[in-house]
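This structure is a prediction, so every number in the text was calculated from the model and none was measured.
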Amino acid sequence: SKTVANTNILVVSLFLLLFLPLFSLGLFSFIFQFLSSFDLSAYPNMDKSSLDVEQPHSMGTTIIGVTYNGGVVLGADSRTSTGMYVANRASDKITQLTDNVYVCRSGSAADSQVVSDYVRYFLHQHTIQLGQPATVKVAASLVRQISYNNKAMLQTGMIVGGWDKYEGGKIYGVPLGGTLLEQPFAIGGSGSSYLYGFFDQAWREGMSHEEAEKLVVTAVSLAIARDGASGGVVRTVTINKDGVKRKFYPGDTLPLWHEEIESVNSLLDIVPAASPDPMVC
């Protein structure tokens, strides 16, 4: 009986080895022929652009840099979008360049990350050669130089902010194309379209740290409410002579705007309870 069982196992194994590849090849051939004969012209209402994987994706964010009396506050949302899809809902868009300089990244995540890596490397060499930390202006100038020299290949806008002992707190905007702009405040990303008028009215010179922090959080939450490509949580970084302090604001603690719906733990919290009366057919 053991010999018969071993023979049956051998026969089944040989069958699988011989016929399974042929079956798989035939199945793949059928699928390939079916897809090749698929005619999109028979579906005039189909959005054919959605089938093009090579088309550029829309990428949105909200980044902010604000100076105050004694330092700077940087802020950003946490949503990384790829067209209609949210690729990362809790990303960190405020990247450290040196101990006293940070950068807010917008646009292509890959482009902004590689620029940040190069600038961090060059600033490390700069610090070793001079024996002291690089200034905010030096860091911003490096970001501008790399962005400008590669403007035909990069799709990123950045805000550089920090504090140094020579000029205090400084904010520099480096928009798409590699221009360097020193500003009292800078905003970027797709959510910035909704914030220009707000900042013209709300920002003032000589703000305290608490006022600047509140302004940044309020502005990012307003952009999240209006801009579909911005969302998630709010992260802030405060840089002054005392060092760096990070803060995290969960989405359910942000102020609500207009007709925004409050966050809930479950859809059952907003669905009305079922009627106790029996269903009548």
* G231 versus D77, closest heavy-atom pair with distance -> N-OD2, 3.1 Å
* Asked: Looking at residues at least two apart in the chain, or sitting in another chain, which of them share a side-chain contact (heavy atoms from CB on, under 4.5 Å) with Y249?
  -> E213, V217, V234, T236, K247, T253, L254
* Same apolar cluster (I L V M F W Y, side chains within < 4.5 Å links), L74/L215 -> no
* Mind running side-chain hydrogen bond (donor to acceptor under 3.5 Å, both in side chains) on K93 and T61 for me, showing each step along the way? => CA-CA 9 Å; K93 304 176 184 178; T61 187; 2.5 Å; yes
* **F248 atom CZ, over 12 foreign heavy atoms within 6.0 Å** => yes
* Nearest 0.5 Å please: distance from the OG1 atom of T127 over to the CG atom of D99. => 8.0 Å
* Could you check if a side-chain atom of V72 sits within less than 4.5 angstrom of a side-chain atom of T238, using non-hydrogen atoms only? => no
* Which heavy atom of L180 sits nearest a heavy atom of R144, and at what distance? -> CB-CD, 3.6 Å
* Nearest heavy-atom pair of G169 and T67: which atoms, and what distance? -> O-CG2, 4.2 Å
* Flag if over 12 foreign heavy atoms under 6.0 Å of NZ, K245 -> no
* Asked: Could you state the interatomic distance from CD1 (I239) to CG (D164), rounded to the nearest 0.5 Å?
  -> 11.0 Å
* Structure fact -> Here the salt bridge (Lys or Arg N to Asp or Glu O under 4.0 Å) pairs for residues 101-122, sequence neighbours left out, are D117-R120
* Under 30°, 30 to 60°, or over 60°: which ring-plane class applies to F199 and F185, parallel, tilted or perpendicular? -> parallel
* Could you pull out the closest heavy-atom pair between G70 and N240, with the gap in Å? => O-CB, 3.2 Å
* To do: Among residues two or more places apart or on two chains, list those pairs meeting salt bridge (Lys or Arg N to Asp or Glu O under 4.0 Å) that have a residue in residues 217-227.
  => none
* Among the clusters formed by ILVMFWY side chains lying less than 4.5 Å apart, do V160 and I63 turn up in the same one? -> no
* Asked: Should V216 and Y68 count as side-chain neighbours, where that means a heavy-atom distance under 4.5 Å?
  -> no
* Determine whether more than 12 heavy atoms belonging to other residues, nucleotides or ligands lie under 6.0 Å from atom CD of Q201. => no
* Asked: Mind checking who shares a hydrophobic cluster with M153, ILVMFWY linked at side-chain heavy-atom distances under 4.5 Å?
  -> none
* Point-to-point distance, once rounded to the nearest 0.5 Å, from CG of N100 to OG1 of T135 -> 8.5 Å
* Any residue meeting side-chain contact (heavy atoms from CB on, under 4.5 Å) with D92, in chain and number order, not counting sequence neighbours -> I94, R235, R246
* Structure fact -> Distance col, row I171:CD1 vs L181:CG, nearest 0.5 angstrom, shows 12.5 Å
* To do: Kindly indicate, with the supporting measurements, whether the criterion side chain to side chain contact (heavy atoms under 4.5 Å, CB included) is fulfilled by S230 and S190.
  => CA-CA 8 Å; S230 300; S190 59; 4.1 Å; yes
* Asked: When rounded to the nearest 0.5 angstrom, what distance separates OG in S116 from CG in L97?
  -> 6.0 Å
* Asked: In a check of side chain to side chain contact (heavy atoms under 4.5 Å, CB included) between E182 and each of K137, E167, K170, which one passes?
  -> K170
* Asked: Stepwise, does the side-chain hydrogen bond (donor to acceptor under 3.5 Å, both in side chains) test hold for T80 with S91?
  -> CA-CA 7 Å; T80 299; S91 59; 2.8 Å; yes
* Side-chain contact, heavy-atom cut-off 4.5 Å: V103 with V119? -> no
* **Heavy-atom side-chain contact between V237 and V73 under 4.5 Å** => no
* To do: State the CH2-NZ distance between W163 and K241, to the nearest 0.5 angstrom.
  => 7.5 Å
* To do: Would you please name every residue forming a side-chain contact (heavy atoms from CB on, under 4.5 Å) with L130, sequence neighbours left out?
  => H126, Q132
* Taking atom OH of Y118 as the centre, report whether more than 12 heavy atoms of other residues, nucleotides or ligands fall under 6.0 Å from it. => no
* Any side-chain heavy atom of V174 sitting closer than 4.5 Å to one from T156? -> no
